[in-house]
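Here's the structure we're looking at; comments come further down.
We name chains A, B, ... by the order of the sequence lines, and we start the count at 1 in each one. Keep in mind the model is a prediction, meaning the values are calculated, not measured.
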There are 2 protein chains.
Amino acid sequence: MNQENSRENLKYIFTQYLDKKGHRKTPERFAILDEIFSFQGHFNIKSLYLSMKDKNYTVSRATLYNTIDLLLESNLIIKHQFRNNITCYEKIFECARHDHLICTSCGAVIEFNEPEIQKTEEKIARMMNFTMTHRSIYFYGICENCLISVCP
Amino acid sequence: MNQENSRENLKYIFTQYLDKKGHRKTPERFAILDEIFSFQGHFNIKSLYLSMKDKNYTVSRATLYNTIDLLLESNLIIKHQFRNNITCYEKIFECARHDHLICTSCGAVIEFNEPEIQKTEEKIARMMNFTMTHRSIYFYGICENCLISVCP
DNA sequence: TTACCTGCAAAGGGTTTGCAGAGTC
DNA sequence: GACTCTGCAAACCCTTTGCAGGTAA
């Protein structure tokens, strides 16, 4: 699927969701959706606000928080807490399932994909009689680059 | 090891840490250590503050935050972020390694122990050239009790 | 037209900071 | 006695809320 089709698809999914829930299809909501899917990686409310303002499309923080909630509920993005009390978000639609390594030395956030985790998750769900909806896995430590730069 | 010996051991470890770092051994610091290890499960600054105040040992929030940082650095407690922007802590000294399930329906936090995770962690560390120091794993979903209480 | 949404600004709540006095070493 | 730590209160910052005006349906 090329990028344009992908965007149309996103809009379609979000529209479906808004219709289903009886929410209005306002231009702000689609502008925010578009902005989020235009950049890679993690973002937070502040960075989103600034990047939209930069493009002369200023929306209030209240609207950002409101729309983010809708995107979370429609499973187009997910929420992260990277231990610093600033909430981060990430688009998940049509992205490979992945988890994160966080370097406590340089702050780098590194994605990785390990299918074994999925199996373990299912095992735990069975064992604990728990219905999984999503997970949040972070490994903390020192990344390759920082290890190299430390004196022996 | 009985409880009293365990407490003495904790004090010893914390004392060693304070000495090593050149921090002072104030009564507040040991009172906070004692309070934290007197209760089970997770706590946050507010609950810690209140439970100490309850015992007529009031310490300021500033001192709590200060001491918590020291306890984190000495690896006696760990920090959690349960997605609600309230930082939670948990003692880890002499506790079995475990991770958490979080019920998004009733808010329950359920501990579990799955040794397979440890192996996966080591595999990822090798694969990604990453030196793990600690991990933060949360599975979200619906717990047993909430599943039962939902109408079919 | 009506109900919901947006924008603004103020309130809220957890965390951090600055400063004076107290206490450790 | 010097210097760090504590306590207090204010500052800080992200997030939420209340309200008036605007707009999708």
Side-chain angles (χ1 to χ4, degrees), chain A residues 11 14-36 42-53 55-74 77-90, chain B residues 11 14-36 42-53 55-74 77-90:
Chain A
K11 274 190 197 165
F14 194 39
T15 303
Q16 293 278 85
Y17 165 79
L18 293 174
D19 278 339
K20 188 176 134 205
K21 293 281 180 176
H23 297 310
R24 290 190 179 163
K25 297 179 276 296
T26 68
E28 286 84 358
R29 287 175 176 174
F30 287 99
I32 292 167
L33 174 70
D34 217 54
E35 183 63 26
I36 287 174
H42 308 97
F43 64 94
N44 56 45
I45 297 291
K46 192 178 174 185
S47 72
L48 179 57
Y49 176 81
L50 291 176
S51 90
M52 291 190 77
K53 194 177 176 183
K55 291 171 184 156
N56 290 310
Y57 199 109
T58 305
V59 283
S60 72
R61 263 153 272 249
T63 302
L64 287 176
Y65 280 107
N66 174 342
T67 304
I68 287 287
D69 281 344
L70 300 175
L71 292 170
L72 281 169
E73 216 195 301
S74 57
I77 64 174
I78 53 166
K79 197 172 179 174
H80 290 292
Q81 293 282 172
F82 288 129
R83 283 185 183 234
N84 57 358
N85 280 329
I86 297 175
T87 305
C88 256
Y89 305 91
E90 186 180 18
Chain B
K11 274 190 195 162
F14 195 40
T15 303
Q16 291 279 85
Y17 165 79
L18 293 174
D19 278 340
K20 190 177 133 203
K21 293 282 180 174
H23 296 310
R24 290 189 179 165
K25 296 179 276 296
T26 67
E28 287 84 359
R29 287 175 178 174
F30 287 99
I32 292 167
L33 175 70
D34 216 55
E35 183 63 27
I36 286 173
H42 308 96
F43 64 94
N44 56 45
I45 296 292
K46 193 178 174 185
S47 73
L48 180 56
Y49 176 81
L50 292 176
S51 90
M52 291 190 75
K53 194 177 176 183
K55 293 173 183 155
N56 290 311
Y57 199 110
T58 304
V59 284
S60 73
R61 263 154 272 252
T63 302
L64 286 177
Y65 279 108
N66 175 343
T67 304
I68 287 286
D69 280 344
L70 300 176
L71 291 170
L72 281 169
E73 215 194 303
S74 57
I77 64 173
I78 54 166
K79 196 172 181 174
H80 290 291
Q81 294 282 175
F82 288 129
R83 282 183 185 234
N84 57 357
N85 280 330
I86 298 177
T87 305
C88 259
Y89 304 90
E90 186 179 17

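Distances shorter than 4.0 Å separate some side-chain N or O of His23(A) from OP1 or OP2 on dC5(C). Contact annotation: Thr26(A) does not reach the phosphate of dC4(C) (side-chain N/O to OP1 or OP2, under 4.0 Å). Distances shorter than 4.0 Å separate none of the side-chain N or O atoms of Thr63(B) from OP1 or OP2 on dC5(D). Checking the phosphate oxygens (OP1, OP2) of dA24(D), no side-chain nitrogen or oxygen of Arg29(A) falls inside 4.0 Å.
Under a 4.0 Å N-O distance rule, the pair Lys55(A)/Glu35(A) qualifies as a salt bridge. With salt bridges taken as basic N to acidic carboxylate O contacts below 4.0 Å, one links Glu73(A) and Lys21(A).
Distance Leu18(A) CG to dT23(D) C1': 15 Å, rounded to the nearest Å. Rounded to whole Å, atom P of dG18(C) lies 15 Å from atom CG of Asn66(B). One atom, CG of Leu48(A), and another, P of dT15(D), lie 12 Å apart when rounded to the nearest Å. To the nearest angstrom, P of dC5(D) lies 16 Å from CD1 of Ile68(B). For the pair Leu50(A) CG and dC13(D) C1', the interatomic distance rounds to 14 Å; values are reported in whole Å. Atom CG of Leu64(A) and atom C1' of dT17(D) are 16 Å apart (whole Å). Between the OH atom of Tyr57(B) and the C1' atom of dG7(D) there is a distance of 13 Å, given to the nearest Å. The distance between atom NZ of Lys20(B) and atom P of dC25(C), rounded to the nearest whole Å, is 18 Å.
Between Asn44(B) and Tyr89(B), the shortest heavy-atom distance links the atoms CA-CD1, 4.3 Å. Of all the heavy atoms in Phe43(A) and Glu90(A), the pair that sits closest is CE2-N, 4.0 Å. Summarising the geometry of Cys88(A) relative to His42(A), their closest heavy-atom pair is SG-CB, 4.3 Å, with the distance given to 0.1 Å. Of all heavy-atom pairs between Leu70(B) and Tyr17(B), the closest is O-CE2, 3.6 Å. Minimum heavy-atom separation, Met52(A) to Val59(A): SD-CG2, 3.9 Å. Closest of all the heavy-atom pairs between Ile77(A) and Leu72(A) is O-CD2, 3.6 Å.
The listed nucleotides are dC25(C), dG7(D), dG7(C); the one nearest the side chain of Ser60(B) is dG7(D). Taking only side-chain atoms of Pro27(A), from C-beta outward, the nucleotide of dA24(D), dG7(C), dT6(D) with the closest atom is dA24(D).
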Anything under 3.5 Å between a protein N or O and an N or O of nucleotides 12-16 of chain C, put it in a table, one pair a line.
residue : atom : partner  : partner atom : Å
dT15(C) : OP1  : Thr87(B) : N            : 3.4
dT15(C) : OP1  : Thr87(B) : OG1          : 3.0
dT15(C) : OP2  : Tyr65(B) : OH           : 2.5
dT15(C) : O5'  : Tyr65(B) : OH           : 2.9

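If one axis is set at each end of the helix from dT1(C)-dA25(D) to dC25(C)-dG1(D) from five pairs, those axes are 40° apart, to 10°.
A cation-pi arrangement is found for Arg61(B) relative to Tyr49(B), the charged atom lying closer than 6.0 Å to the ring centre and inside a 45° cone about the ring normal.
Put simply, the side chain of Arg29(A) gets close to the backbone of Arg24(A): a donor and an acceptor are under 3.5 Å apart.
Side chain Arg24(A) to base dC4(C): a donor-acceptor pair is found below 3.5 Å.
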